[in-house]
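For reference, the structure discussed in these notes is given below.
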Amino acid sequence: MKLVSDYFGSMVFDDKVMKSMLSEEDYNTLKRTVKDGRSLNLSVANAVASAMKDWAISLGATHFTHWFQPMTGITAEKHDSFISPDKDGRAIMEFSGKELIKGETDASSFPSGGLRATFEARGYTAWDATSYAFIKDGVLCIPTAFCSYGGDALDQKTPLLRSMEAINRQALRILKLFGNEDVTSVKTTVGPEQEYFLVDKEIFKRRKDLVYTGRTLFGAEAPKGQELEGHYYGVIKPRVQAYMNDLNEELWKLGVFAKTEHNEAAPSQHELAPIFTTANIAADHNQLTMEIMQKVAKKHGLVCILHEKPFKGVSGSGKHNNWSISTNTGVNLLEPGDTPGENAQFLLFLCAVLKAVDEYQDLLRISVASAGNDHRLGATEAPPAVVSVFLGNELTEILESIEKDQPHHEAKEKELLRVGVHTLPKFPKDTTDRNRTSPFAFTGNKFEFRMLGASASVSGANTALNTAVADSLKQFADELEGVENFEAALHDLIKRVIAAHKRIIFNGNGYDDKWILEAEKRGLSHYRTTPDALPHFTDEKNVALFTAHKVYTEREMRSRLEIQLNNYCNLVNIEAKTMVDMAKKEILPAVSEYSQVLSNTILAKTAVCKTLDCTYETEILTDISALTASAYNMLKYLENSIQAAEKEKDAEKRSIAYKTNVLPAMTLLRKDVDALENLVSADYWPIPTYGDLLFEV
Ligand code: ADP
Ligand code: MG
């Protein structure tokens, strides 16, 4: 039997391999430069490249690629072989330090949101040496960041790394104030739980909507849905188990700590969660996980669907972003401590998060905005589009006692809770009645941001979160550095932060409509859809935040907004056109054919005997005819809406046109077609049904 410990990370050029293949001097230089975030000198880079090449070739690799995450949402790679001619024209395998550190790439085919127009088309990729190189399909992949020659970030990774740097800078200032002299770096950690659907490949292929858009644009609900709640944590079927085993093995080889797997709420829906790691590595691993999930599925005659809402009336798929901050000495800064000092530090970091989430609710909302996620947020399976924080009653009460200078009810002798002087009353860490409806929940020693859609990169959300928290920490450090009475100043600061930002705390049911009203009363922002949310990305306060912490330049922000708006429009446009195509070429012709069968039956029956009862045929035919006429009208209406939207030049206005005209037209057409599906004989219905899709695996 193969032992996992023998092959875990076998395809990764990790620390162990580096140590064994590099000279001690080169290894130490590499480690030091990576730690200090400086660039590698060429002689060490050459040594690393050569070792990497030998290692990769020994594992059957012939090519290498700079692996990066452009704004398309998926990863990109361009393969180059190691082959080069020697002086006799024979092939030798080469890979230089220069090729390792920096790659040139034509940036003009990747989304740049207008940056391309004014700047060079060329871009370059630069090695992110904190994320290990790995071998995938015989190709040595080198995780890189992708920028234009002018230095503008064109990818997801660059801003994420910059935001990690920002939070590192500010958190270190705070930690110094608490006397943590041994801490030299602070990193954010992320563990993303990934939801997905598995459907049979042959059935999938017969649905153009799934093939082109990843979601069903038509489909009447099956008689059985998820009402019996029989699937959540249910027994995993053999075919799915075989898939999961294979998937785990592939991920483990790549050094991804895939840890838990279980069935989710909807039929055919599952989840995979890894063990958390440093944010940029978690982002790389999550991209890799999504890619491998889809690849392994094909081998099993399945398709893995990562769309946020593939099926109407059935829970969609999200990605829970578990997030915390930890030091290089191994301390989780969101873990409540045992001593008054540790507790005070914990409370300050907690307050930094509260303040950040309250002040930048809009940015967090925007970071999860996509056409797909619009169908999920605020539906029955996901938090609403309003951001709030769940702390749990115990912790909330503690904050209240501090804010109001009241004794905490658990305190002995009615003692007032003084930050930095007293320890916190114990609160249960892992309450089983955990609130699962909150968009941003404290779960004992980390926060779980639950608004992300299943297909999204986690980079955007973590970039926003890291930067917003860095900003809170900066303000705290500015205020606390150099004060005479640290304890008093700290207590006072924490009190003020709680008072100013407690409106963001909500421990109740986030799915309740009453909460939305209450949230609006509290002045929390509520951007229902992507076109509502996105334009606020470049609001003055947000530009000020990102530029102050050097995470985005204003130009990069404007370009990103442009890209996001275009993505939204393009996605809805493809969906709308796919609907038109399916309705025109598959569904309405089939309905028409079936109508003919009914008419012929009526004619035949009446020919046999004038008084034969044709109620069934006549009534169904009447309903079908009326619905067909209506569907055809809606089809024309949809086509007109698409045309009108396409004409709109301004991206923001165009996105509004898709939202207010095209999407509602799609809903109307679907309504008629789904009603027709319920009337037409199964033999004549041209595409697989929800029953086929959801219950066949
Ligand atoms: P649940 O489904 O109850 O939310 P899971 O065990 O499925 O819990 O997922 C919890 C996730 O949180 C895992 O990916 C885990 O690695 C991650 N996690 C735990 N501690 C931290 C931390 N300090 N920072 C970031 N992620 C964490
Ligand atoms: Mg979770």
Side-chain angles (χ1 to χ4, degrees), residues 8 160 163-164 167-168 171 183 185-196 231-234 236 244 247-248 251-252 255-266 269-290 293 315 317-337 342 345-346 349-350 352-353 356-357 381-383 389-392 428-452 454 456 458-459 461-466 469 510:
F8 185 88
L160 176 63
S163 75
M164 289 169 70
I167 201 168
N168 174 55
V183 178
S185 79
V186 167
K187 284 191 167 135
T188 47
T189 50
V190 169
E193 299 162 53
Q194 178 72 50
E195 291 181 338
Y196 61 98
H231 194 252
Y232 192 58
Y233 281 38
I236 300 175
M244 286 178 171
L247 174 63
N248 283 336
L251 290 174
W252 289 337
V256 178
F257 273 97
K259 169 91 173 158
T260 54
E261 54 191 26
H262 58 79
N263 288 349
E264 264 300 328
Q269 191 185 31
H270 313 279
E271 180 187 294
L272 180 145
I275 296 176
F276 69 94
T277 176
T278 314
N280 62 320
I281 298 171
D284 284 355
H285 281 182
N286 183 249
Q287 291 299 131
L288 212 47
T289 299
M290 292 194 285
M293 274 180 161
S315 287
S317 300
K319 175 142 53 196
H320 292 175
N321 188 83
N322 294 275
W323 176 93
S324 192
I325 327 172
S326 73
T327 67
N328 63 313
T329 52
V331 178
N332 177 352
L333 297 170
L334 291 175
E335 173 96 48
E342 286 166 358
Q345 187 179 295
F346 160 73
F349 278 97
L350 184 78
V353 178
V357 176
E381 70 270 32
V389 178
F390 169 86
L391 287 183
K429 219 193 176 138
D430 222 338
T431 33
T432 40
D433 61 340
R434 257 204 224 165
N435 185 323
R436 295 194 166 270
T437 64
S438 172
F440 201 92
F442 185 65
T443 52
N445 59 3
K446 61 180 171 8
F447 278 96
E448 188 171 336
F449 184 25
R450 302 200 179 106
M451 290 170 83
L452 284 78
V458 299
S459 298
N462 288 294
T463 301
L465 188 54
N466 292 345
V469 175

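Both counts, for ligands and for their atoms, begin at 1 and track the order of listing. The chain is numbered in sequence order, starting from 1.
Between the side chain of Asn322 and the backbone N or O of Gly191, at least one donor-acceptor pair lies under 3.5 Å.
Here is the list of ligand 1 atoms found below 4.0 Å of a heavy atom in Asn332: 23 (N). Close approach to Ile275 involves these atoms of ligand 1, each under 4.0 Å from a residue heavy atom: 16 (O). Interface of Glu448 with ligand 1, defined as ligand atoms under 4.0 Å from a residue heavy atom, comprises 4 (O).
In this structure, Met451 and Pro383 approach most closely via the heavy-atom pair CG-CG, 4.1 Å. Between Gly510 and Thr437, the shortest heavy-atom contact is N-OG1, 2.8 Å. Smallest separation of non-hydrogen atoms from Leu334 and Asn332: N-OD1, 2.9 Å.
Within the 4.0 Å heavy-atom criterion, neither part of Leu334 lies near ligand 1. Contacts between Lys259 and ligand 1, counted as non-hydrogen atom pairs separated by less than 4.0 Å, are absent for every part of the residue.
Taking the six-membered ring for Trp and the full ring otherwise, Phe390 and Phe440 have centroids separated by 6.0 Å or more. The distance between the ring centers of Phe257 and Phe8 falls below 6.0 angstrom.
Using a 4.0 Å heavy-atom cutoff, Glu193 is listed among the residues neighbouring ligand 1. At least one heavy atom of Arg436 lies less than 4.0 angstrom from ligand 1.
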Give the C-alpha distance, both sets of side-chain angles, the deciding distance and a yes or no for side-chain hydrogen bond (donor to acceptor under 3.5 Å, both in side chains) between Gln269 and Asn263.
-> CA-CA 6 Å; Gln269 191 185 31; Asn263 288 349; over 6 Å; no

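Closest heavy-atom approach to atom 21 (C) of ligand 1 among the candidates Phe447, Phe257, Trp323, Phe276: Phe276. Nearest-residue assignment for atom 14 (O) of ligand 1 (options Ala273, Ala279, Pro274; heavy-atom criterion): Pro274.
Taking any N or O of Asn445, backbone or side chain, none lies under 3.5 Å from an N or O belonging to ligand 1.
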